[in-house]
Amino acid sequence: MKQDILIIQPLMPELSEVLHQHYHCHRLYEQTDVAAFLEEHAGKIKAVATRGDVGLAADLMAALPALELIAVFGVGTDGIDLSAARDRDITVTITSGILTDDVADLALALMLGVSRQIVAQDAFLRSGAWQERPPQLGYKLCGKRVGIMGLGKIGAAIARRCAGFDMQVGYCNSRQSSEPGWQRFGDLHQLAQFSDFLVLAVPGDERNRKMVDADILSALGKEGILINVARGAVVNEDDLIEALQNHAIRGAGLDVFDNEPTIDTRFAALTNTVLMPHIASATVETRQAMAQNVVDNLAGWFAGKGAVTPVE
């Protein structure tokens, strides 16, 4: 007999197809009367498949008495009450380690994109303006100082790439890195003061909500560039937009925003930014591997072998 699982929001088609082959899938996003749906089906749903940007609402988790596993397509758990899950012995899995390289690559791409003005220079060439005047000068990465907020797997991968550009690496993290030459700072304000590029690679939970505000941006300074591949919630967007409009910082490269995909319209008018639609892990190879990880976690769990990549 197929196990019942609940799919919170649409998943990539290939993953959805596999799940429907092996499980009795309930698609929450298609329900017009969620209360009636839960009354009929909640008692038999043993697993949830969701995305890192979606999570699982606390009230919905509480309404699923048979829930054993939450399989996340992604690494974000800020949309899941992990404490409540632990209290109920619900295992949460993420696609751990799979998207690290892609996110780190995009962080470097954003650093280059802003400092070398790649988007603006492309538009300059296409407009025909090169025939009338020379392009503006960009800024180097080599020899600059990068501060990384959060030195987990992704943060460390970003740091290694920056070291390859002969950048000075600083970081703020609860644990000391054993990497020689990397400088640890006690708090974000100190890290921002050190940094030419301030890169955010922290979870988007309540501890970090709006941690980058006007004070941090002031510490980063007029020559500083902010890079965010973490979550939109870790930045006070009003303060960031004001800093960018007033050139209180040089620029920003952003892959994440509050209220995605309906982002603050003021971002579109800023010429000192490079903006991405949350695509850090969006490569064919990585998304396929992430989908397989979700499949493997569900299969391992229901086979009695346990989850493959549970949250520790």
Between Asp105 and Thr283, is any pair of side-chain heavy atoms under 4.5 Å apart?
no

Arg51 side chain to Ile8 main-chain N or O, any donor-acceptor pair under 3.5 Å?
no

Is the His41 ring parallel, tilted or perpendicular to the His26 ring (thresholds 30°, 60°)?
tilted

Please indicate whether Glu30 has more than 12 foreign heavy atoms, meaning atoms of other residues, nucleotides or ligands, lying under 6.0 Å from its CD.
yes

Run through the side-chain heavy atoms of Ile, Leu, Val, Met, Phe, Trp and Tyr, join any pair under 4.5 Å, and report what else lands in Phe124's cluster.
Leu125, Trp130

Close side-chain approach of Phe257 and His278, heavy atoms under 4.5 Å
no

Give a yes or no on whether the backbone of Ile94 and the side-chain of Thr309 come within a donor-acceptor separation of less than 3.5 Å.
yes

Thr100 and Lys153: which non-hydrogen atoms are nearest, and at how many Å?
CG2-O, 3.4 Å

Are Thr286 and Ile98 side-chain neighbours, meaning at least one heavy-atom pair lies under 4.5 Å?
yes

Donor-acceptor contact below 3.5 Å, side chain Asn272 vs main chain Gly251:
no

Please identify which of these residues, Arg145, Lys144, Lys222, meets the salt bridge (Lys or Arg N to Asp or Glu O under 4.0 Å) condition with Asp196.
Arg145

Does any non-hydrogen side-chain atom of Leu240 lie less than 4.5 Å from one of Val212?
no

Gln21 CD: over 12 foreign heavy atoms closer than 6.0 Å:
yes

Inspect the surroundings of NZ in Lys140 and state if more than 12 heavy atoms from other residues, nucleotides or ligands are less than 6.0 Å away.
no

Could you check whether atom CD1 of Ile279 has more than 12 heavy atoms from other residues, nucleotides or ligands sitting under 6.0 Å from it?
yes

Taking atom CD of Gln31 as the centre, report whether more than 12 heavy atoms of other residues, nucleotides or ligands fall under 6.0 Å from it.
yes

Heavy-atom closest contact (Asp166 atom, Cys142 atom, distance)
CB-SG, 4.0 Å

Run the salt-bridge test on Arg231 and Asp205 with the 4.0 Å N-O cut-off and return the result as yes or no.
no

To the nearest 0.5 angstrom, please state how far the CG atom of Leu200 sits from the CG atom of Leu198.
5.0 Å

Test item: Arg161 side-chain N/O and Ala157 main-chain N/O as donor-acceptor pair under 3.5 Å
yes

Does Asp78 pair with Arg207 as a salt bridge, N-O distance under 4.0 Å?
no

Under 3.5 Å, is there a donor-acceptor pair between the side chain of Tyr171 and the main chain of Ser177?
yes

Using 4.0 Å as the upper bound for N to carboxylate O, is an ion pair formed by Arg160 and Asp101?
no

Can you name the nearest heavy-atom pair linking Ile227 to Met111, along with the distance?
CG1-CG, 3.7 Å

Determine, for Asp258 against Lys210, whether the closest basic-nitrogen to carboxylate-oxygen distance falls under 4.0 angstrom.
yes

Check whether Val274 and Leu226 end up in the same hydrophobic cluster, where Ile, Leu, Val, Met, Phe, Trp and Tyr are linked by side-chain heavy atoms less than 4.5 Å apart.
no

Look at the side chain of Asn297 and the backbone N and O of Ala71, then say whether any donor-acceptor pair between them is shorter than 3.5 Å.
no

Are Val169 and Leu220 connected, step by step, through hydrophobic side chains (Ile, Leu, Val, Met, Phe, Trp, Tyr) whose heavy atoms are closer than 4.5 Å?
no

Residues, nucleotides or ligands: over 12 heavy atoms within 6.0 Å of His20 NE2:
yes

CD of Glu179: more than 12 outside heavy atoms within 6.0 angstrom?
yes

